[in-house]
Amino acid sequence: MTVRTRFAPSPTGYLHVGGARTALFSWLYARKHGGKFVLRIEDTDLERSTTESVNAILEGMTWLGLEYDEGPFYQTHRFDRYNEVIDQFLEAGKAYRCNCPKERLDKLREEQMANKQKPRYDGHCRGQHVAPDEPHVIRFINPQEGTVVFEDMVRGKVAFQNSELDDLIIRRTDGSPTYNLTVVIDDLDMQITHVIRGDDHLNNTPRQINILKAMGAEPPRYGHVPMILGDDGARLSKRHGAVSVMQYHHEGYLPEALLNYLVRLGWSHGDQEIFSIDEMVELFDIEDVNKAPSAFNTEKLLWLNQHYIKSDDPARVARLLSPHMGELGVDPAEPPELKDVVAMQADRAKSLLDLAVLCAVFYKDEIEYSEKGAKKNLKTAVVEPLNKVKEKIAALEDWSQENLHAIIHGTAEELDLKMGKVGMPLRFAITGGIASGDLDHTLYLTGKEACIKRIDRALEYIQQQG
RNA sequence: GUCCCGUUCAUCUAGAGGCCUAGGAUAUCGCCCUUUCACGGCGAGUACAGGGGUUCGACUCCCCUACGGGACGCCA
């Protein structure tokens, strides 16, 4: 039997990190077992479903690289099939029409709550004859005795009393089928073998198993993964900041960093923190996922992002960085080569946004000084060393890091100054205070012409300050 | 309210009855490296929710309590 998993979001918003993690687990499970990963769009809620949301979800999956093998399938295209099953149920006496007015249902619920009972439909219309042409819903006849037991891949054995369940609606008054019915039919028709989903669905599982049994089918295996909480331990929501996967894209996160972070949330493999996609596929096991919800921690995500920024191929990082450079108004196509700048600057960036700022100075005509930095670094005392370095640079024919290194150190020696007295103002003159790598490396990438220009400008600035 | 589920450092986690003086990672702090900022290296503090059992022995098994989350919809 080939493994078939699925991701089945409802298109009522963007792809959020919780959904992304569930999708990742599902995808990993399929990949690990050489199976198929199916994407299904659960859009039976006509009111709230939008194509923008579908696109947003697709976009998020693509960015993360969670490619699906089949789909996307839309539930709205499958109404005939759902109705077929509902009609069969009706014929076989496994479902019935119900015309209980809302008022009756509300009252029932209130009474049950007052009696400290779980609110549930009382089966009032079970024996009644409701004519097909009057407004009605269809309810599934749920067994009222016995227990539904299943072995969940993450929770272990889970049992629900049938007496806790009621006759749920499977077709609305407007004729549209409802969630618990459609998932069951789809998972069956799409031959899903392993249903990996958020644990907010745990309570739906016994109902779905009962429907499946009524169809004479065997239930798939289930794995309910705990949800993700915000930093404060409360359910993740917009007030926690970025929740949408694409938001992370825009904020300069690498997809592999988010993936790595997400896979470690609720799952681990010994002491290992860094996982390539291949390692995830090889090592991940849904059975090892924790049962408890975990809190999303941006600090750790940031650490992983930095890790990938500094250890990925600089050429690749440069490609991802380019658009962000453009946003800062510089053109990274000009020399120096962006990948060289990235190679030098990557260590100090936690995001591509940071990195863009760090790299932009190498492409600007005019750099800005921070007031505090200028006050500290550009004093009359530094005029002499700056001038000297400038002269030597101007005379330098072979533009190499080694020669620049020699110039800087030579100047310090000649003037009998400590390295810092030469290096600090020089670095400030060249970068305007932006952190960068070795001074000679920084000068080298900045280029001869720009170096001279920037030193001149610093000297001018000092003169103006008097 | 009822049902279901969960609970190890601030956070993510290791732990399958003796390996635990509870390990790793992030964050924090300190030291080292260093022409800056980082990176890197080394080090520090911080946790088994509480109470009862079972056992020679419990973070690990059982029960109760507390706390947290989920579900209870003509949403998915």
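Order of the sequence lines fixes the chain letters, A, B, ..., with proteins taken first and strands second; residue numbering starts at 1 for each chain. Everything numeric in this text was worked out from a predicted model, so none of it was measured.
Between the CE atom of A:M227 and the C1' atom of B:rA71 there is a distance of 12 Å, rounded to whole Å. Nucleotide B:rG15 holds its C1' atom 15 Å from the NE2 atom of A:H269, rounded to whole Å. Atom CZ of A:R109 and atom P of B:rU2 are 15 Å apart (whole Å). If you measure from atom CG of A:L229 to atom P of B:rA10, you get 16 Å, rounded to the nearest angstrom. For A:K157 and B:rC4, the NZ to P distance is 14 Å, given to the nearest whole Å. As a whole-Å value, the separation of A:L46 CG from B:rA76 P is 9 Å. Distance CE (A:M344) to P (B:rC39): 16 Å, rounded to an integer number of Å. Between A:Q208 atom CD and B:rA76 atom C1' there is a gap of 10 Å when expressed in whole angstrom units.
In this model, a donor atom of one side chain and an acceptor atom of the other lie less than 3.5 Å apart for A:Y308 and A:N260. Side chains of A:R264 and A:S294: a donor-acceptor N/O pair is absent below 3.5 angstrom, by distance only. In summary, the side chains of A:T44 and A:T182 do not present any donor paired with an acceptor at a separation below 3.5 Å, with no hydrogens or angles considered.
Two residues, A:N203 and A:P9, neighbour RNA chain B, and the one matched to the more 5' nucleotide by heavy-atom proximity is A:N203. When each of A:W267 and A:P293 is assigned the nucleotide of RNA chain B bearing its nearest heavy atom, the one mapping closer to the 5' terminus is A:P293.
Below 30°, between 30° and 60°, or above 60°: for A:H224 and A:Y222 the angle between ring planes is below 30°, a parallel geometry. The aromatic rings of A:Y248 and A:F296 sit tilted, their planes meeting at an angle between 30° and 60°. Ring geometry, A:W267 versus A:H269: the interplanar angle falls under 30°, so the pair is classed parallel (tilted spans 30 to 60°).
Nucleotides B:rC74 and B:rG70, compared at atom C1', are 22 Å apart to the nearest Å. Spacing between B:rU8 and B:rC61 at atom P, rounded to whole Å, works out to 14 Å. B:rU21 sits 15 Å from B:rC48 when the C1' atoms are compared, rounded to a whole Å. Nucleotides B:rG68 and B:rG53, compared at atom C1', are 25 Å apart to the nearest Å. Across B:rC42 and B:rU34, the matching C1' atoms stand 16 Å from one another, rounded to whole Å. Rounded to whole Å, the C1' atom of B:rC33 lies 15 Å from the corresponding atom of B:rG43. When the C1' atom is compared between B:rC3 and B:rC19, the two are found 41 Å apart, to the nearest whole Å. Rounded to whole Å, the separation between the P atoms of B:rG24 and B:rG45 comes to 12 Å.
Put simply, the side chain of A:D200 and the base of B:rA76 share no donor and acceptor less than 3.5 Å apart.
Base pairing annotation: B:rA49 forms a Watson-Crick or G-U wobble pair with B:rU65, both donor-acceptor distances under 3.5 Å. Nucleotide B:rC74 has no partner under the Watson-Crick or G-U criteria, as no pair reaches both atom distances under 3.5 Å. Pair assignment for B:rC9: none, as no Watson-Crick or G-U wobble contacts are both less than 3.5 Å. Base pairing annotation: B:rA16 forms no Watson-Crick or G-U wobble pair, as no partner gives both donor-acceptor distances under 3.5 Å. Pairing for B:rC31 goes to B:rG41, judged as Watson-Crick or G-U wobble with the two contacts each under 3.5 Å. Applying the Watson-Crick and G-U wobble criteria (two distances, each under 3.5 Å), B:rA22 pairs with nothing in any strand. Across all strands shown, B:rG57 forms no Watson-Crick or G-U wobble pair with both distances under 3.5 Å.
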> How does protein contact run along nucleotides 24-38 of chain B, one letter per nucleotide 5' to 3', with B for base contact, S for sugar-phosphate only, - for none, heavy atoms under 4.0 Å?
Replying inline: BBSS-------BBBB
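Nearest nucleotide to the side chain of A:A295, out of B:rA76, B:rC4, B:rC12: B:rC12. Of the candidates B:rA76, B:rG6, B:rC12, the closest approach to any side-chain atom of A:S294 belongs to B:rC12. Here the nucleotide nearest the side chain of A:N204, chosen from B:rG1, B:rA71, B:rA76, is B:rA76. When distances run from any side-chain atom of A:S268 to the nucleotides B:rA14, B:rA76, B:rC39, the shortest one goes to B:rA14. For A:V137, the listed nucleotide lying nearest its side chain is B:rC74; candidates were B:rG6, B:rC74, B:rA76. Of the candidates B:rA76, B:rC12, B:rC74, B:rC12 carries the atom nearest the A:L265 side chain, counting heavy atoms from C-beta on.
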For residues 136-144 of chain A, run the donor-acceptor check on the side chains, cut-off 3.5 Å, and write out each pair with its distance to 0.1 Å, sequence neighbours left out.
from, atom 1, to, atom 2, distance (Å)
A:H136, ND1, A:E134, O, 2.7
A:R139, NH1, A:D167, O, 2.8
A:N142, OD1, A:N210, ND2, 3.0
A:Q144, OE1, A:R120, NH2, 2.7
A:Q144, NE2, A:N142, O, 3.1

>> Apply salt bridge (charged side-chain N to carboxylate O under 4.0 Å, His left out) to residues A:K118 and A:D166 and explain how you reach the verdict.
In response: CA-CA 10 Å; A:K118 184 171 179 169; A:D166 63 0; over 6 Å; no
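When the side-chain nitrogen and oxygen atoms of A:K291 are compared with OP1 and OP2 of B:rG69, none of them lie within a distance under 4.0 Å. For A:N290 and B:rA14, the shortest distance from a side-chain N or O to OP1 or OP2 is below 4.0 Å.
Residue A:F428 is out of contact with every strand shown, counting any heavy-atom pair closer than 4.0 Å. Nucleic acid contact for A:K421: none, since no nucleic acid atom lies under 4.0 Å from a heavy atom of the residue. Among the atoms of the strands shown, base atoms are found under 4.0 Å from some heavy atom of A:H201.
In this structure, A:Y261 contributes its side chain and A:N297 its backbone to a donor-acceptor pair below 3.5 Å.
Applying the 6.0 Å contact sphere to CD of A:E279 captures more than 12 heavy atoms from other residues, nucleotides or ligands.
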